[in-house]
Amino acid sequence: MKQLTILAALLAAVLSAVPVRSQEISQRTVIKSVTVGQEGGKMLTCKDINGSKVRPSMKRYSWTETSELTDKPAFPKPGKAPVLPKSDNPEVTYGKVPSRNEFGISQGWFPSPDGALLAVYRVDETQVGSFPHLHINYRAGQLENIKYPMNGMDSEHVALCVCDTLGNIRCTLDVSDFTDERYLAGVSWTPDSRMLLVQVLDRSQHHMHMNLYDATDGSFIRTLLEEHNEAWVEPKCGVSFVNGSELFIYTTDNRDGYRQLYLCDLEGGIRRLTPCSADVSYLTNDGNYIYYTSAEVSPVENHLFRIRLQRTNGKRKPMLLSKLKFGKPEQLTDGSGWHSVSMSPDLSHFIDSWSAVDVPGKAVLRSADGKLEKELATAAVPLSSCLPVTVEMGTVPSADPQYQNYYRMVKPADFDPSRKYPLIVYVYGGPHSQMVNDRWLANIRYWELLMAQKGYVLYIQDNRGTQNRGAEFEKAINRRCGELESADQMEGLKQLIAEGWVDEARIGVVGWSYGGFMTITLATRYPDTFKVAVAGGPVIDWKWYEVMYGERYMDTPETNPEGFAATSLVDKAPLLKARLLVCQGMVDPTVLPINSLSFMQSCVEHNVLPDYYPYPRSQHNVIGPWREHLYLKITDYFDNWL
């Protein structure tokens with residue numbers, strides 16, 4: 001039966017490997033274009049792009065604790081490390097970040113508003129399997145076993161304790177929802193420090209209960225709301241209480257198709273606060289206004305908005321959910337681009353730092369109602385002394401073609417559409433990403449500039465499955481990672497080929513992590529399209545990836561065998577025609593080397609001849625001075641083989 005499943009997956013991959021067909025008219029739309037550099041300028045080097053000198057520089061501003069504007073670097077006062085409970089079992093840890101940093105969890109403890117208590121994670125990894133890493137910085141080598149909960153295998157058990165400031169455990173929350181492998185996310189204290197809100201998610205990530213617990217004894221009080229989704233439910237942050245009230249702001253994409261803000265009370269009441277068909281992110285509030293950023297102007301722009309809360313029961317009475325009117329949203333930033341906002345502590349002003357495809361960077365001071373008060377800084381453009389390159393941002397249709405996908409194209413400034421050019425597709429394509437937006441040079445990676453100076457055209461596109469486009473767009477990849485993403489990438493490529501300037505015999509693809517998975521997926525699904533491929537730290541089979549991320553998008557090999565067979569790359573090695581380089585950090589704790597090594601073994605068994613380059617002491621991303629070597633290796637590979 002297993003052989004039949006593998007054969008069926010291989011046949012499906014062969015049938016899908018149809019080369020890109022030319023069409024008469026391109027449906028590509030250019031939104032913005034900018035050329036940087038000058039004739040006779042400098043050719044960038046891999047050392048240049050690994051440094052900061054090629055990036056725009058601008059004076060930075062921040063706020064003091066008393067809401068004074070300053071251009072001095074903001075160095076937050078280091079907080080005193082809390083005293084945490086001790087464990088006699090090395091596989092049980094207090095204060096550790098659980099769930100491998102998924103669900104927006106970035107800390108292992110949460111101080112109560114009054115500072116008297118701590119909510120502390122207790123992470124039990126006793127049942128979690130280990131994976132060995134070889135460290136070569138010892139004469140005889142040394143193995144380090146890291147805990148890695150693989151898809152479909154035993155996972156960690158997480159509890160939440162309430163402790164005093166001396167590390168004494170007062171109680172453990174009585175969480176009984178689902179199984180012991182549940183997730184505890186979005187931990188939030190009530191303003192009076194008496195209760196805790198926790199978003200309890202089942203391991204399959206299809207069901208979530210937002211529960212309220214008593215912090216004095218850990219007892220369960222009530223479930224305030226529930227979420228269910230056949231694709232997935234993904235809490236990404238805790239709740240935020242409205243200043244001076246017991247109402248709180250909750251964020252989810254599970255109710256109205258987009259990531260929206262909802263105003264809730266502690267009795268289970270809930271009302272939608274943001275009335276837009278776009279993803280939004282909560283920023284702050286002063287009790288009268290809720291400030292948030294939104295993609296409603298454009299999915300590739302980020303702007304600040306606010307909504308006023310208007311009481312109808314008198315200002316002296318408690319704020320009640322049913323007695324509030326919501327004002328009309330006000331847009332507080334202007335100018336197309338990506339605006340990053342820093343509010344003053346007293347919320348009277350904000351610093352608006354922004355850039356756009358053709359704007360390297362600006363910073364202005366605005367009052368809380370959005371009125372411009374002062375121009376603060378304008379970024380310098382260090383690329384003015386370099387060889388010229390043109391960057392475009394625009395859209396192409398998705399493969400269905402229900403959506404317009406955004407792309408960035410980087411090409412020589414003297415680009416002539418009557419000539420033929422080698423094309424390199426730079427791909428990521430996975431969840432939580434947005435490779436293209438209206439920032440300086442469309443959010444460019446500077447290696448793209450270097451390659452365009454050398455005569456290549458670089459193409460970077462977001463596809464279905466990426467963020468900031470709503471739940472339907474992001475969840476389209478459910479249980480079949482790599483399929484719709486590849487179809488969208490190929491649709492974009494088809495639009496370029498229709499224009500006649502792509503040298504169809506010289507098309508390459510490169511990507512890292514999920515992008516490495518996508519690179520090999522594209523190269524094996526469309527073997528007659530790609531001549532050269534470079535994949536870094538690639539996922540090869542989702543059964544070797546972690547529980548939290550992998551099961552969200554793919555479920556498990558037991559519950560989704562067809563999806564795992566179709567998307568696994570192990571048995572796709574015989575389909576490979578491209579010259580392939582795989583780069584791998586050999587102490588990678590994120591995408592374990594067993595992925596790329598298993599693909600290499602499959603290549604050995606099928607007499608396929610890829611190239612493999614290990615980075616012996618690097619983790620998931622090759623960083624620091626060694627990254628220059630990575631750029632040199634990838635550049636050299638395309639120069640030699642494309």
Side-chain angles (χ1 to χ4, degrees), residues 12-31 33 299-300 390-411 415-430 435-436 442 448 451-452 456-466 469 473 476-477 480-511 515 517-534 572 575-578 638 642:
V14 171
L15 293 175
S16 70
V18 180
V20 179
R21 302 296 182 190
S22 297
Q23 58 186 30
E24 292 184 1
I25 301 175
S26 173
Q27 300 176 56
R28 180 170 70 94
T29 300
V30 179
I31 298 174
S33 178
V300 292
T390 297
V391 180
E392 292 179 2
M393 183 183 74
T395 61
V396 293
S398 57
D400 36 2
Q402 184 178 349
Y403 302 96
Q404 288 294 311
N405 289 332
Y406 288 86
Y407 76 86
R408 170 176 74 250
M409 189 158 67
V410 188
K411 57 189 181 182
F415 177 85
D416 180 353
S418 67
R419 292 174 51 198
K420 295 288 186 180
Y421 290 86
L423 179 73
I424 300 174
V425 177
Y426 184 95
V427 64
Y428 183 80
M435 297 289 287
V436 182
E448 300 160 23
M451 297 302 282
Y456 300 92
V457 175
L458 282 293
Y459 181 73
I460 303 90
Q461 178 197 302
D462 287 319
N463 47 248
R464 282 173 291 173
T466 55
R469 298 292 301 273
F473 187 90
I477 65 171
R480 308 285 287 205
C481 286
E483 293 190 343
L484 291 183
E485 303 98 304
S486 296
D488 278 3
Q489 291 290 330
M490 296 304 291
E491 182 66 27
L493 186 52
K494 182 173 75 172
Q495 306 306 321
L496 305 186
I497 290 174
E499 296 170 7
W501 53 263
V502 176
D503 185 343
E504 295 184 59
R506 300 178 67 197
I507 299 176
V509 58
V510 58
F517 163 70
M518 285 290 295
T519 293
I520 301 178
T521 297
L522 286 165
T524 53
R525 280 182 176 268
Y526 307 94
D528 294 322
T529 298
F530 296 98
K531 182 182 180 183
V532 178
V534 178
K572 310 301 191 301
L575 302 175
L576 184 68
K577 294 182 180 180
F638 280 112
L642 189 61

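Nothing here was measured: the structure is a model prediction, and the numbers come from that model.
Two residues are said to be in side-chain contact when any heavy atoms from C-beta on lie closer than 4.5 Å; Thr395 and Tyr403 fail this criterion. Using a 4.5 Å heavy-atom cutoff, the side chains of Met451 and Val457 are not in contact. A heavy-atom distance below 4.5 Å is not found between the side chains of Trp501 and Arg419. Contact of the Ile507 side chain with the Ile497 side chain is registered, since non-hydrogen atoms from C-beta on lie closer than 4.5 Å. Side-chain contact between Tyr406 and Val396: absent, with no pair of heavy atoms (C-beta onward) separated by less than 4.5 Å. Side chains of Val30 and Met409 form no contact here, defined as non-hydrogen atoms less than 4.5 Å apart. Contact check for Val509 versus Val427: side-chain heavy atoms found under the 4.5 Å cut-off. Counting only heavy atoms from C-beta outward, the side chains of Pro417 and Phe415 approach each other to under 4.5 Å.
Between Tyr456 and Tyr421, the distance from one ring center to the other does not fall under 6.0 angstrom.
In terms of heavy atoms, Lys531 sits closest to Ala505 at CD-O, 3.3 Å. Of all the heavy atoms in Met435 and Tyr428, the pair that sits closest is SD-CB, 3.8 Å. Nearest approach of Leu493 to Leu423, heavy atoms of both residues: CD1-CD2, 3.2 Å. The shortest heavy-atom contact between Leu642 and Ile424 is CD2-CG1, 3.7 Å. Shown here for Asp488 and Ala399, the closest heavy-atom pair between the two residues is OD1-N, 2.9 Å. For the pair Tyr526 and Ser486, the tightest heavy-atom approach, listed with the atom from each and the gap, is CE1-CB, 4.2 Å.
With Pro397 as the fixed residue, the side-chain contact (heavy atoms from CB on, under 4.5 Å) test singles out one of Gln402, Arg28, Glu491, Lys494: Glu491. Results of the side-chain contact (heavy atoms from CB on, under 4.5 Å) test with Tyr426 over Ile460, Val410, Thr519 single out Ile460 as the only residue that passes. Between Gln489 and the choices Asp462, Asn463, Asn405, the side-chain hydrogen bond (donor to acceptor under 3.5 Å, both in side chains) rule is met once, by Asn463.
Under the 3.5 Å distance criterion, the side-chain polar atoms of Thr29 are left unmatched by any main-chain donor or acceptor of Gly394. Listed for the Arg408 side chain is no donor-acceptor partner under 3.5 Å among the backbone atoms of Met393. Checking side-chain atoms of Glu485 against main-chain N and O of Gly429 turns up no donor-acceptor pair under 3.5 Å.
Separation of atoms CG (Leu576) and NZ (Lys572) is listed at 13.0 Å; rounding is to 0.5 Å.
A salt bridge links Arg525 with Glu483: the distance from a Lys NZ or Arg NE/NH1/NH2 to an Asp or Glu carboxylate oxygen falls below 4.0 Å.
Side-chain atoms of Ser33 and Glu392 include no donor-acceptor pair closer than 3.5 Å. Between the side chains of Tyr459 and Gln461, a donor-acceptor pair is found at a separation under 3.5 Å.
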